[in-house]
Amino acid sequence: MMEIIHISAECYPAAKAGGLADVVGALPKYQAQLGHKTKVVMPFYHNKFSRENRFEVIFTGQARLSQHNFTFNVLSPLGLNLGYELCMIDIPGLFDRPNIYSYGDDTERFITFQVATINWMNMLDTTPDVVHCHDQHTGFIPFFMSKIWDYRRFEHVKTIFTIHNGQYQGQFGFDRLHYLPPFHSFYNGILEWNHAINPLATAIKSAHRVTTVSPSYMDEIRHNMNGLENLLEYERGKCSGILNGIDVDVWNPATDTMLEKNFNVRTVESGKKANKAWLCNEFGLDPSKPLFTFIGRLVGEKGAELLPDVVYHSLTQLNRELNILILGSGDHAVEGGLLHLEHMFKGNYCSYIGFNEKLSHMMYAGADFLLMPSRVEPCGLNQMYALRYGTMPIVRRTGGLKDTVIDIGDGGFGICHDQCSTSDIIYSIERALAYAKDEKNFKKTRKEIMQIDHSWTKAASDYIELYQL
Ligand code: ADP
């Protein structure tokens, strides 16, 4: 039995911006089921989860950021059974805000979170066997553990760092070096990449093992990772890719409480029809036409700026033979472009700009196809949720999408294209429409894709094996 601490900025259901939350909310649960003691440490935000739950204070301590002293509390939710222990660091002044990221002082916020976390860990009676950090917001922890005298009890504790998204690195200038707890200046080089302090690079250099969330993404970032390619090449001996799983308790169409109608492999046709009818009624769409959806952050990585063109050209070129429903938020120009088209294609197209967990579940359940024209996709969870809900994914062959979706032309169950371009996406939509017309095959594929096993069971034990290396 190992004691494993996961540290992350996000964890479902406490705070979610994307896939990171789903992974950190599931992996520790599956590791606990394998007999290990798991804990998740994350910031305490002032969001829906913190308003709707009650918490007890399990520790009060101090964190220092340069000249400022912060008092922090470690909170634990009461009466929740998540399958792991959830510990939330409450730092008034920095985290008592509704959103997870995108504040001007994110550097200060996440350094203070990391200092508070390690100060608290330093006061605990037991020393963990493994500390597993996720993305750049926790990138200094492996450095603190191995190089700072005050934290020397962690010097030999295994540290794992998982890159969920290598595009965000959190760089800042050496003028803010004094934000970090004192350490020997000899180690400055560990923090440095391209003349700046780079938390992602620091983690890659300091952790015992580095993973990405799919094998293909690990291959890709050796050639394209926003300037860190050489570092990754140099550290390749400790790097590997482990494909994410999905939490099959949360993402189960037979029990999902967010659906209008639950369904299983046997009842998939009637179940999807009822959920689609709800969506079409809600968004003024035609239920007799195949429904194509997109769910995700409206950013370049997801190919989102192509969506307005895809809506316009597919609906005009294909005589409105389809419906399109989009859920997402992000780039304001893309949001505006998507909203602008609603009037023109009323009855066939609608967008919901914002974050809506229930609607996302309804869309996986009620759609016929899910579009993922991603430019970069470290793993991608949406395609796996879609498969489990009997929705065919249409994906660009990149990262985890390449590892999880096989094209119907190759005997598979999805539609794949190579370029992140409007014409490739529209060609894929045409292929999808043709496939849907072959009703017998389409229905058979639906049943088959629902049964593909993407559960965490294998990945959770792959991580345990890695911790032991
Ligand atoms: P990323 O982490 O890059 O955003 P992933 O595919 O790994 O992409 O995970 C995305 C997760 O976020 C999925 O659970 C998806 O359903 C969810 N999601 C993304 N955008 C929204 C939104 N606007 N509303 C609800 N859920 C969303």
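Every number for a ligand or one of its atoms is a count from 1 in the order of the listing. What you see is a predicted model; the values in this text were computed from it and never measured.
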Output, or 'none' if empty, a list of ligand 1-protein atom pairs in which both atoms are N or O and the distance is under 3.5 Å, rounded to 0.1 Å.
| residue | atom | partner | partner atom | Å |
| --- | --- | --- | --- | --- |
| ligand 1 | 2 (O) | G19 | N | 2.6 |
| ligand 1 | 3 (O) | R297 | NH2 | 2.9 |
| ligand 1 | 3 (O) | K302 | NZ | 2.8 |
| ligand 1 | 4 (O) | R297 | NE | 2.9 |
| ligand 1 | 6 (O) | L381 | N | 3.0 |
| ligand 1 | 6 (O) | N382 | OD1 | 3.0 |
| ligand 1 | 8 (O) | K302 | NZ | 3.0 |
| ligand 1 | 9 (O) | G19 | N | 3.1 |
| ligand 1 | 14 (O) | K16 | NZ | 2.8 |
| ligand 1 | 14 (O) | D22 | OD2 | 2.7 |
| ligand 1 | 16 (O) | Y364 | OH | 2.7 |
| ligand 1 | 23 (N) | G354 | O | 2.8 |
| ligand 1 | 24 (N) | N356 | N | 3.0 |

Side chain to side chain donor-acceptor pair (under 3.5 Å) contacts touching residues 18-34 (sequence neighbours left out): H6-Q31, K16-D22, D22-Y385, K29-D247, K29-D249, Y30-D247, Q31-Y467
Taking K276 for the side chain and A365 for the main chain, is one N or O donor matched with an acceptor at less than 3.5 Å? no
Does a sphere of radius 6.0 Å around NZ in K458 hold more than 12 heavy atoms from other residues, nucleotides or ligands, not counting ones at 6.0 Å or beyond? no
Are L387 and P393 close enough that some pair of their side-chain heavy atoms sits under 4.5 Å apart? yes
Compute whether any side-chain donor of one residue and acceptor of the other, for T404 and Q383, lie under 3.5 angstrom apart. yes
Trace of the ring pair (Phe, Tyr, Trp, His ring centres under 6.0 Å) decision for F44 with H46: CA-CA 7 Å; F44 182 78; H46 281 204; 5.8 Å; yes
